[in-house]
Amino acid sequence: MRSIRWLSIILAMASLFLSDVQQASAAVLPNIDISIGGESEEPNTSALSLLLLITVLSIAPAILVLMTSFTRIVVVLGFVRMSLGTQTSPPNQVIIGLALFLTLFIMAPTLSEVNETALQPYLRGEMTQTEALEAAAVPMKEFMAKHTREKDLLLFMRYAQMERPASVADIPISVLVPAFAISELKTAFQMGFMIFIPFLIIDMIVASTLMAMGMMMLPPMMISLPFKILLFILVDGWYLVVKSALLSFNP
């Protein structure tokens, strides 16, 4: 039930971020009225605005994914599967599902702050869409800035010819999101490299042993796979991987 609550908060956040994109394009959320045999009382709904709304809805999940811990977690889990050499086990659905719920767990404090400072006041009518969006962006910016390298942030700020902001709240989302994304990718690849090392050693040992025995026609992967799975089980690999992912987001 708690995970469903966080999912509902994320969906509400998506609706707030949609308003930001539409304000940037000087468009207004259309009031869609479908009627048969008559005209709508508010004929401000156009095919272009409806197309814009559908387009923004389609990219909203990708935007939210890049603003959370999902990217780092799913890349690290993908490295685990590749280093084991188990091909499609665990399947993509399991990896993405696990990454999603770990993301909800890690983002819980940030989502709670967004819910208290922006979503609930907006639902009670105490804030406009613009005010709620600005309030919701502050916790998200603080989370992203905490895990963004200064080098990556300066890259996009220099390209946009921006002056040094006075605070995190002054950094535009369009600058902070890509900087946060490439920082997350670098961290995920660093963690993936550390995961690869023990399994690479097993592959080298097996390959050297088979070559010394003259079994050059036997694929080393076929022999090393059970040993890698056994090692992963003995060290409780999934526990260590998830623990490392959680600790990497410690404040």
Side-chain angles (χ1 to χ4, degrees), residues 2-3 6-7 9-10 13-14 59-112 114 139-153 155-156 176-206 221 224-251:
R2 186 177 179 183
S3 299
W6 293 133
L7 284 173
I9 294 176
I10 289 180
M13 288 172 54
I59 65 174
I63 295 175
L64 290 178
V65 161
L66 292 178
M67 296 172 62
T68 63
S69 58
F70 181 85
T71 301
R72 182 189 304 186
I73 296 173
V74 75
V75 172
V76 169
L77 294 179
F79 269 110
V80 172
R81 185 174 65 180
M82 285 190 297
S83 61
L84 284 172
T86 53
Q87 303 299 326
T88 59
S89 182
N92 291 332
Q93 294 87 342
V94 175
I95 290 180
I96 294 175
L98 179 59
L100 176 61
F101 279 91
L102 288 176
T103 299
L104 294 176
F105 181 79
I106 293 171
M107 298 295 298
T110 303
L111 294 179
S112 296
V114 170
M140 298 300 298
K141 286 182 178 180
E142 291 178 351
F143 172 81
M144 289 188 291
K146 188 183 301 182
H147 302 285
T148 302
R149 296 185 305 162
E150 184 178 357
K151 178 181 179 181
D152 297 329
L153 186 58
L155 170 66
F156 292 96
L176 189 54
V177 170
F180 171 73
I182 62 176
S183 296
E184 288 292 281
L185 287 175
K186 179 178 180 179
T187 304
F189 272 68
Q190 289 174 339
M191 297 175 66
F193 173 76
M194 300 303 296
I195 293 172
F196 253 105
I197 291 178
F199 300 108
L200 180 61
I201 293 175
I202 294 178
D203 287 333
M204 293 175 62
I205 293 175
V206 171
M221 183 65 67
S224 63
L225 179 58
F227 290 102
K228 290 192 289 186
I229 295 177
L230 179 61
L231 173 65
F232 197 71
I233 294 173
L234 291 177
V235 300
D236 200 358
W238 290 115
Y239 171 82
L240 295 177
V241 170
V242 173
K243 179 182 177 180
S244 300
L246 295 177
L247 292 177
S248 67
F249 286 101
N250 272 350

What pair of heavy atoms forms the shortest contact from [X] to [Y], and how long is it?
X: A99; Y: T103; result: O-OG1, 2.6 Å
X: A245; Y: I106; result: O-CD1, 4.5 Å
X: G192; Y: F79; result: CA-CG, 3.7 Å
X: I195; Y: S83; result: CG2-OG, 3.6 Å

Working to the nearest 0.5 angstrom, can you tell me the gap between [X] [atom1] and [Y] [atom2]?
X: I182; Y: L66; atom1: CD1; atom2: CG; result: 11.5 Å
X: L176; Y: D152; atom1: CG; atom2: CG; result: 11.0 Å
X: L98; Y: L77; atom1: CG; atom2: CG; result: 5.5 Å
X: L200; Y: M204; atom1: CG; atom2: CE; result: 6.0 Å
X: F143; Y: M107; atom1: CZ; atom2: CE; result: 4.5 Å
X: S69; Y: F180; atom1: OG; atom2: CZ; result: 7.0 Å

For residues 70-82, pull every pair meeting side chain to side chain donor-acceptor pair (under 3.5 Å), keeping only residues two or more places apart or in separate chains.
R72-E184, R72-S248, R81-N92
Using 30° and 60° as the class limits, which term best fits the ring planes of F199 and F232: parallel, tilted or perpendicular?
tilted
Are side-chain heavy atoms of V74 and V65 found at a separation under 4.5 Å?
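In short, these two side chains do not touch, never coming nearer than 4.5 Å.
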Does any N or O in the side chain of S183 come within less than 3.5 Å of the main-chain N or O of R149, such that one atom is a donor and the other an acceptor?
yes
Above 12 or not: heavy atoms from other molecules or residues under 6.0 Å from CD of Q190?
yes
Do other residues, nucleotides or ligands put more than 12 heavy atoms under 6.0 Å from M82 CE?
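Yes, CE of M82 has more than 12 neighbouring heavy atoms, counting only those of other groups under 6.0 Å.
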Working note: T86 + K228, criterion side chain to side chain contact (heavy atoms under 4.5 Å, CB included); need CA distance, chi angles, decisive distance, verdict.
CA-CA 10 Å; T86 53; K228 290 192 289 186; over 6 Å; no
Results of salt bridge (charged side-chain N to carboxylate O under 4.0 Å, His left out) for K141 - residues two or more places apart only
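Not a single residue meets the salt bridge (charged side-chain N to carboxylate O under 4.0 Å, His left out) criterion with K141.
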